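For the single chain, residues carry numbers from 1 onward in sequence order. We count ligands from 1, going down the list as the structure has it; atoms in each ligand are counted the same way. What you see is a predicted model, and the numbers here were worked out from it, not measured in a lab.
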Amino acid sequence: MDRTSTMQVSQQDFEKAQEQVKLLKKDPGNETKLKLYALFKQVGLTYFPRKPTVSWAASREDNARQKYTELVSSLVSAESADPKTDTSPGESRHGDYETVLVTTKNSITKIMFNRPEKKNAINHKMYREIMKALEEAGKDDSTIAVITGNGDYYSSGNDLNNFANIQPSEMEKMAKDGAVLLKEFVGHFIDFPKPLIAVVNGPAVGICVTLLGLCDIVYASDRATFHSPFSELGQSPEGCSSYLFPKIMGLAKANEILLFNKKLTAAEACAWGLVTEVFPDSTFQKEVWARLEAYASLPKNSLAVSKQLLRSMEKEKLHAVNSKECEVLQERWLSDECINAVVSFFQKKAKL
Ligand SMILES: CCCCCC/C=C/C(=O)SCCNC(=O)CCNC(=O)[C@H](O)C(C)(C)COP(=O)(O)OP(=O)(O)OC[C@H]1O[C@@H](n2cnc3c(N)ncnc32)[C@H](O)[C@@H]1OP(=O)(O)O
């Protein structure tokens, strides 16, 4: 169908779209499903053999039929343009996720952030799905787990919509619930029982940078950048970075990132110890996956026991740091500095 024209779609196009929607491989998500359902009902409620006169009901029906058909067409094109949502030979795809794509192949479970159109920003659903995926990966037959991003970004960090459309009377609850969610989320990284490797395919922002300190290896494309603009956003560090970053890179360097918003190139992040190794973007996926496949053929239990031993020295401390960071952030989210930063982003005044 030509989506640029304003032509009316026929009842036949509409019926074809109803069939296509059933064949989508990727769940389009509740929001989209509700939109489709509402449009479908509008057509269903008003559909009857048409008289030549145009009534308001008929034109509403045409409009809903057109919107439904266009929405399905965009879902079908997005799916066929996105080869990464297809599994490759030998790869098994784990069930029911909307915001991440979870697959296992060659003893590696890959958790891929999958909101490329939003630069893989993490909304509430995605926080929960990442936790679920980590729980499953911790228990499945894989030897190692990998976190990576779909599209040009690794992740733009917390989805700022998590702070949008909150009534003043609900602000405190939002901050309290956010702190509970964040503590549980970071806790999953602290407690993850197997080697966890970050494959940073592009720019990383905010919480997706700080969490790298809790990963066991970090491989980065030379296109990746690392930016934790907490003071710019009126916020404070999380992901145990207030403890791990000074330990990894020294206090002076950690201060530049966590206090003064310094954006690192991949080469700088590697020199400062946050990244294990940097690869040219043109060969990044090939080189990294070949390396990881070799690592994943090592004895699985030995790797898990060794990872847990290394982590055990710090685990209690990391949970205490996580609690403290969430407590401070809960306060920050109610500050004028933070609220103004979020408003500026949505007014398109302030991008990073
Ligand atoms: C339960 C709460 C726990 C909170 C934990 C604490 C976590 C803290 C952090 O992670 S702080 C970091 C927060 N992230 C940001 O501030 C990044 C904001 N985004 C940007 O500045 C820019 O989008 C960009 C520099 C990442 C990319 O710029 P550009 O290449 O020009 O792309 P667009 O801006 O057009 O982005 C495309 C599309 O995605 C939407 N989007 C991108 N990032 C976010 C985001 N973090 N939150 C919400 N939405 C985001 C952007 O609005 C565009 O949407 P549109 O197409 O306009 O609908």
Side-chain angles (χ1 to χ4, degrees), residues 29 31-32 74 78 99 113-131 147 149-166 170-189 198 200-214 223-242 245 257-264 321-335 337-352:
E31 204 180 311
T32 307
S74 72
T99 61
F113 306 138
N114 197 22
R115 299 182 73 214
E117 71 291 349
K118 297 288 176 191
K119 309 291 179 193
N120 296 323
I122 308 185
N123 60 15
H124 282 146
K125 176 148 205 158
M126 192 158 158
Y127 281 110
R128 298 204 179 286
E129 290 196 340
I130 294 169
M131 287 193 270
I147 302 234
N150 187 7
D152 60 342
Y153 259 65
Y154 177 65
S155 167
S156 62
N158 185 45
D159 188 320
L160 296 174
N161 285 294
N162 293 335
F163 300 128
N165 300 323
I166 314 276
E170 290 170 350
M171 289 289 285
E172 290 206 4
K173 182 172 184 318
M174 174 280 290
K176 195 166 168 222
D177 292 350
V180 170
L181 177 62
L182 180 62
K183 186 171 160 200
E184 195 187 348
F185 179 71
V186 174
H188 275 68
F189 285 78
V200 186
N201 53 298
V205 182
I207 187 160
C208 289
V209 174
T210 56
L211 285 173
L212 297 175
L214 287 168
R223 227 174 38 77
T225 51
F226 301 81
H227 193 194
S228 305
F230 297 125
S231 51
E232 229 169 294
L233 293 167
Q235 298 189 36
S236 53
E238 31 40 6
C240 296
S241 59
S242 59
F245 277 25
I257 302 180
L258 297 177
L259 303 186
F260 298 110
N261 312 307
K262 183 176 168 68
K263 190 201 274 192
L264 302 187
V321 171
N322 183 26
S323 292
K324 182 72 198 166
E325 288 178 344
C326 293
E327 204 181 292
V328 175
L329 260 177
Q330 183 175 334
E331 295 285 319
R332 283 281 88 214
W333 289 329
L334 298 174
S335 69
E337 290 174 344
C338 177
I339 293 165
N340 291 340
V342 173
V343 171
S344 296
F345 175 73
F346 287 111
Q347 289 173 340
K348 303 279 177 207
K349 279 197 215 141
K351 260 188 205 183
L352 296 175

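- Of the polar atoms of Pro229, none of the N or O atoms is found under 3.5 Å from an N or O of ligand 1, judged by distance alone.
- Between Glu327 and Lys183 no salt bridge is recorded (no basic side-chain N to carboxylate O distance below 4.0 Å).
- Residue Ser156 touches ligand 1 through backbone and side chain together, judged by heavy-atom distances below 4.0 Å.
- Here Glu117 has backbone heavy atoms under 4.0 Å from ligand 1, and that is the only part of it that gets that close.
- Note that OG of Ser228 is 11.0 Å distant from CG of Leu259, once rounded to the nearest 0.5 Å.
- Between Glu325 and Gly239 the shortest heavy-atom distance is OE1-N, 3.1 Å.
- At under 3.5 Å, a nitrogen or oxygen of Asn158, whether backbone or side chain, sits near a nitrogen or oxygen of ligand 1.
- Only side-chain heavy atoms of Trp333 come within less than 4.0 Å of ligand 1; its backbone N, CA, C and O stay farther off.
- Judged by distance alone, the side chain of Asn120 and the main-chain N or O of Gly149 form no donor-acceptor pair under 3.5 Å.
- Contact of the Phe163 side chain with the Val343 side chain is not registered, since no non-hydrogen atoms from C-beta on lie closer than 4.5 Å.
- When Glu325, Glu238, Lys119 are ranked by how near their heavy atoms come to atom 8 (C) of ligand 1, first place goes to Glu238.
- Between the Arg223 side chain and the Pro203 main chain, no donor and acceptor come within less than 3.5 Å of each other.
- Annotation: Asn162 places no N or O atom under 3.5 Å from an N or O atom of ligand 1; distance criterion only.
- At a heavy-atom distance under 4.0 Å, only side-chain atoms of Leu233, from C-beta outward, approach ligand 1.
- The shortest heavy-atom contact between Glu238 and Leu329 is CG-CD1, 3.6 Å.
- Within the listing of ligand 1, atoms 7 (C), 9 (C), 10 (O) sit less than 4.0 angstrom from a heavy atom of Ile207.
- Asn158 and Tyr127 share a donor-acceptor pair across their side chains, judged by distance under 3.5 Å alone.
- Atom numbering of ligand 1 starts at 1 in the shown order; those under 4.0 Å from a heavy atom of Gly157 are 10 (O).
- Here's the thing with Lys118: one of its N/O atoms is less than 3.5 angstrom from an N/O atom of ligand 1.
- If you number the atoms of ligand 1 from 1 as listed, the ones under 4.0 Å from a heavy atom of Ala121 come out as 44 (C), 45 (C), 46 (N), 47 (N).
- Residue contacts with ligand 1, taken as heavy atom pairs separated by less than 4.0 Å, do not involve Phe185 at all.
- Rounding to the nearest 0.5 angstrom, the gap separating the CZ atom in Phe230 from the OG1 atom in Thr210 is 5.0 Å.
- At least one heavy atom of Tyr153 sits closer than 4.0 Å to an atom of ligand 1.
- Looking at Gly206 next to ligand 1, no N or O pair under 3.5 Å apart turns up.
- Ligand 1 lies out of reach of Phe163, whose nearest heavy atom is not under 4.0 Å from it.
- Using modelled atom types, one side-chain atom of Arg115 and one backbone atom of Ala121 make a donor-acceptor pair closer than 3.5 Å.
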